[in-house]
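Below you'll find the structure I mean.
When a residue number appears, it is its place in the shown sequence, counting from 1. These numbers come from the heavy atoms of this one structure, side chains and all, not from hydrogens, waters or symmetry mates. Because the structure is a prediction, the values reported are computed rather than measured.
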Amino acid sequence: MGFTEPIYFLFSAFLLLVILMYFFRKQYDKKAIPSVLLWQEWMNEFEAQAWWRKLQHHLLLYLQLLALLFLIFTLTQPFFEKEGIEGDHLIFIVDTSASMTALEGEKSRLELAKEKMVQTLDKVDDQEMTIIVAKETPEILLERSQSQIEIGKLVEDLGPTYASVNLMDSINLAKSLLGEENGNIQLLTDNFSKETSLELHKNTTFFAHNIGESHQNLAIETFGVTMRENKVVGVVTVKNEGDVLADFDLFIYNDVEEVLQQVTETVEGNKVKTIYLEELPPATMYRAIVSGDKQYKLDNEQFAFLGQQQDPTVYVHKDIHPFARKAVEIASTNVIHLSSNSTEEINFDGVHLIKGVARSDWPSGPKLVFLSGEDGEKEVELTGEVSANMADPLTQSVEMENVYVEKAFTSNELSSLDVVASRGETPLILSGIYEGDPIIVVTFELGSSDWPLHAGFPLFMFHSIQELTKNKGMLGYFYPGQTMDYFPASDVRKAEILNGEDEVVFAYDTFEQPIELPHTPGLYTLRETKDQTEESRTFTIMLEDTEKSIQSEESFTISAESSVDQEKETTTSQNISYLFLILALVVLLVEWEVYRRGISN
């Protein structure tokens, strides 16, 4: 314990002044009385009392002296020395990647990192604090706060983001926030090497807290399936991060959670085992799981979609314009040119490009239709400027405003479709759902337009095939925290993202911004609610390769003065003068009560 202003102990002289004032209290006049027998009896009783009973007769004096003494202690500003932390500005950099969810005993590395931050907060004394989350693009959660309660609440709410981190950018951000001031950077991660080159300011102290220890870890590095000679085959690679040989079981599931194959294998320490899967039963989705891990299970599971392995089959009917034929061959590798429009041929499953076919004979399934007037459509002369809905995926990089179109066909039966492009009031391109199937309609003859000569025409054909087949395919693979450009049809009222337990994790009813995808790895479903139907597509959030390792490094410190590794103990003072002020007020209240009782008696 110490005193910041010990000079105020000079005020102790006032204690003597209070005592002297008691010598000058009121004197009584002498009076002649007939007898002192009663007084003598009282004096004998007083002298027989215990010493602590005699002190009660001067209680007000003692209370006043004690109150004054507490006030003097308040002026001297007493304090206690406690363990502190260096720097005027303290910056926490927190790694929230997937590897920080690895278990160390009963707690994850992230939980241990949060406990370490709370312990550091207890050492803070009127210092500014900043929290940075080390994402791919570092995020400042709170800057230059002196509220330990506010910082503690943010620390409590921190959770894993699972995405890979950019520690160097986070450190550089912290350095820019500190500048030349006396600062302290606290990095809480699990794998930051002491060999990393750091250029720190001479006033900056750097602590790298590498949480956890290296463990043996099994991880699925790659998993894929494909069709080969009408058979589904696959390959899985499993890595052993430990130093010793490890046995494991590999399970392959389909989309209805049936076990398709089970393999028992052994992989040597720090080696990769490749497992080939032959003649898997057909399925749209496959899931591979490796058993045997304890500390880290996120990298034990991976998904593969069979539907993503092949381009959709595109059937081109006989009257399609030659430029459209050439463009669709560029857009897809699986194109079949039909020699006639017979019903037997057009009922094949795939995307159909049709022209000159009566509406009653249109094939089922997705189709791109070029109107020609065969089914009673009316041809009209066009006026005005060509305009397009730039938010529609069909018009991306197509530049329809530069296309010349003189005439187009109109049809009342297609009026419910969305207008993608138009000239004046007449639609040029329509899209939507017709009789339960996705459809795109071009309302003018390609031969009477310069559109096939534009560079955007092949892009339109590619976008059309993608849009017509997307509802039957998978959305694909994404990493934690990614966003997805989303251009729904006009009849989509709500979009929801569901996890593997069919629980809604995100819901959207406005689509002006890209969709934020979940952070937690796993299988998800994008469900679109339309005016009359619902459509669902599946996607997976997978770990990045850098997050399939839980190896750790040793913690280290770089001091501000010498820039060498050393542990430096720091102390800080905790002012306790307010305690003595409170005690003084309590004593004054007690004195007032004693005086009040004495007067009333």
Which distance, rounded to the nearest 0.5 Å, do you find between the CD1 of Ile439 and the CD1 of Ile354? 6.5 Å

Residue Glu268 excluded, over 12 heavy atoms near CD under 6.0 Å: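 Not buried by this count: 12 neighbours or fewer within 6.0 Å.
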
Is a salt bridge present between Glu385 and Arg423, judged by a nitrogen-to-oxygen distance below 4.0 Å? no

Given Thr222 and Thr237, is the side-chain hydrogen bond (donor to acceptor under 3.5 Å, both in side chains) satisfied, shown in steps? CA-CA 5 Å; Thr222 59; Thr237 58; 2.5 Å; yes

Residue pair Leu280 / Tyr286, side-chain heavy-atom distance below 4.5 Å: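 Yes, close enough: below the 4.5 Å cut-off.
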
So, does Thr426 use its side chain to make a donor-acceptor pair with the main chain of Leu382 at under 3.5 Å? no

In plain terms, say whether Arg109 and Asp190 are close enough for a salt bridge, that is, a side-chain N and a carboxylate O under 4.0 Å apart. yes

Take Asp418 and Ser431 through the test side-chain hydrogen bond (donor to acceptor under 3.5 Å, both in side chains) and record every step on the way to the result. CA-CA 5 Å; Asp418 298 327; Ser431 70; 4.7 Å; no

Tell me, with the steps shown, if Arg537 and Glu528 meet salt bridge (charged side-chain N to carboxylate O under 4.0 Å, His left out). CA-CA 9 Å; Arg537 285 175 285 165; Glu528 295 176 324; 3.2 Å; yes

Look only at the side chain of Asp450 and the backbone of Leu453, and say whether a donor-acceptor pair between them is shorter than 3.5 Å. no

Looking at side-chain heavy atoms only, is the closest gap between Leu517 and Ile515 below 4.5 Å? yes

Donor-acceptor pair, distance only, cut-off 3.5 Å: does the side chain of Glu467 make one with the backbone of Ser464?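 Pair absent, no side-chain N/O of Glu467 close to backbone of Ser464.
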
Under a 4.5 Å cut-off applied to non-hydrogen side-chain atoms, are Gln216 and Val244 in contact?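 A side-chain contact exists here, since the closest heavy-atom pair is under 4.5 Å.
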
Given Leu277 and Phe223, is the side-chain contact (heavy atoms from CB on, under 4.5 Å) satisfied, shown in steps? CA-CA 10 Å; Leu277 307 170; Phe223 174 43; 4.1 Å; yes

Taking the side chain as every heavy atom from C-beta outward, state whether Leu141 and Val133 have any pair of such atoms under 4.5 Å apart.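 Yes, at least one pair of side-chain atoms sits under 4.5 Å.
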
Could you check Arg527 against Glu535 for salt bridge (charged side-chain N to carboxylate O under 4.0 Å, His left out), going step by step and ending with a plain yes or no? CA-CA 6 Å; Arg527 183 172 66 191; Glu535 294 180 354; over 6 Å; no

Find the distance between CD1 (Ile429) and CG (Asn389) and round it off to the nearest 0.5 Å. 11.0 Å

Shortest non-hydrogen pair, Met100 vs Ala113, comes out as CE-CB, 4.1 Å

Check whether Asn166 reaches the backbone of Thr137 with its side chain - one donor and one acceptor, N or O, closer than 3.5 Å. no

Between Tyr404 and Trp451, is the ring centre distance below 6.0 Å? no

Could you walk me through whether Asp299 and Ile220 satisfy the side-chain contact (heavy atoms from CB on, under 4.5 Å) test, starting with their C-alpha distance in whole Å, then the side-chain angles of each, then the deciding distance to 0.1 Å, before giving a yes or no? CA-CA 6 Å; Asp299 58 359; Ile220 297 180; over 6 Å; no

Looking at the rings of His519 and Tyr162, which for Trp means the six-membered one, are their centres under 6.0 Å apart?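 No, the ring of His519 stays outside the 6.0 Å limit from the ring of Tyr162, centre to centre.
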
Of all the heavy-atom pairs spanning Ser291 and Phe251, show the shortest one and how long it is.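 Scanning both residues completely, I find the closest heavy atoms to be OG-CE1, 4.1 Å.
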
As an exercise, state the distance from CG of Leu526 to CD of Glu496, rounded to the nearest 0.5 Å.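 Leu526 CG to Glu496 CD: 9.5 Å, rounded to 0.5 Å.
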
Mark yes when over 12 heavy atoms from residues, nucleotides or ligands other than Asp157 sit less than 6.0 Å from its CG; otherwise mark no.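 Yes, CG of Asp157 has more than 12 neighbouring heavy atoms, counting only those of other groups under 6.0 Å.
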
Does this structure show an ion pair linking Arg359 with Glu413, if we count only N-O contacts that are shorter than 4.0 Å?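 Salt bridge between Arg359 and Glu413, a charged N being under 4.0 Å from a carboxylate O: yes.
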
Ignoring hydrogens and angles, tell me if any N or O in the side chain of His321 forms a donor-acceptor pair with the backbone of Phe323 under 3.5 Å. yes

Under 4.5 Å between any side-chain heavy atoms of Leu142 and Ile140, yes or no? no

Are the aromatic rings of Phe305 and Tyr477 close, with centres under 6.0 Å apart?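 Ring-ring flag for Phe305/Tyr477: true, centres closer than 6.0 Å.
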
Ser108 side chain vs Ala102 backbone, donor-acceptor pair below 3.5 Å: no

Indicate yes or no for a side-chain donor-acceptor contact from Asp437 to the backbone of Gly365 under 3.5 Å, with no hydrogens or angles considered.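 Yes.
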
Enter the distance from Thr313:OG1 to Ile465:CD1 here, rounded to the nearest 0.5 Å. 11.0 Å

Do you know which two heavy atoms are closest between Asp255 and Thr284, and how far apart they sit?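 For Asp255 versus Thr284, the nearest heavy atoms are OD2-OG1, 2.9 Å.
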
Check whether Ser449 reaches the backbone of Leu446 with its side chain - one donor and one acceptor, N or O, closer than 3.5 Å.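 No; judged by distance alone, with no hydrogens or angles, the pair does not exist.
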
Is there side-chain contact between Phe370 and Ile320, with heavy atoms separated by less than 4.5 Å?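 Yes, their side chains come closer than 4.5 Å.
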
Might you confirm whether atom CD of Glu379 has over 12 heavy atoms from other residues, nucleotides or ligands at distances under 6.0 Å?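 Above 12, so yes.
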
What is the distance from atom CZ of Phe460 to atom CD of Glu399, rounded to the nearest 0.5 Å?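 These two atoms lie 15.0 Å from each other.
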
Can you tell me if Ser422 uses its side chain to pair, donor with acceptor, with the backbone of Pro427 under 3.5 Å?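 No, Ser422 side chain to Pro427 backbone: no donor-acceptor pair under 3.5 Å.
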
Relative to each other, are the rings of His352 and His317 parallel, tilted or perpendicular (30° and 60° limits)?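 The arrangement is tilted - the two ring planes meet at 30° to 60°.
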
Could you walk me through whether Thr274 and Val236 satisfy the side-chain contact (heavy atoms from CB on, under 4.5 Å) test, starting with their C-alpha distance in whole Å, then the side-chain angles of each, then the deciding distance to 0.1 Å, before giving a yes or no? CA-CA 6 Å; Thr274 302; Val236 182; over 6 Å; no

So, Thr161 side chain and Thr96 main chain: donor-acceptor pair closer than 3.5 Å or not?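 Yes; at least one donor-acceptor contact below 3.5 Å.
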
Among Arg287, Lys548, Glu221, which residue satisfies the side chain to side chain donor-acceptor pair (under 3.5 Å) criterion with Gln302?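 Of all the options given, the one that passes is Lys548.
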
Check the pair Ser214, Gln551 against side-chain hydrogen bond (donor to acceptor under 3.5 Å, both in side chains), reporting the backbone distance first and the verdict last. CA-CA 4 Å; Ser214 297; Gln551 301 306 300; 3.3 Å; yes

Please step through side-chain hydrogen bond (donor to acceptor under 3.5 Å, both in side chains) for the pair Ser549 and Glu241, ending with a clear verdict. CA-CA 7 Å; Ser549 171; Glu241 265 199 316; 2.3 Å; yes

Taking the side chain as every heavy atom from C-beta outward, state whether Ile275 and Leu250 have any pair of such atoms under 4.5 Å apart.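 Yes; the side chains approach each other to less than 4.5 Å.
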
Nearest non-hydrogen partners of Ser552 and Gly212, listed with the distance: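 In terms of heavy atoms, the two residues are closest at OG-O, 3.1 Å.
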
How many angstroms lie between atom CD of Glu547 and atom CG of Leu543, to the nearest 0.5 angstrom?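 CG of Leu543 is found 7.0 Å from CD of Glu547.
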
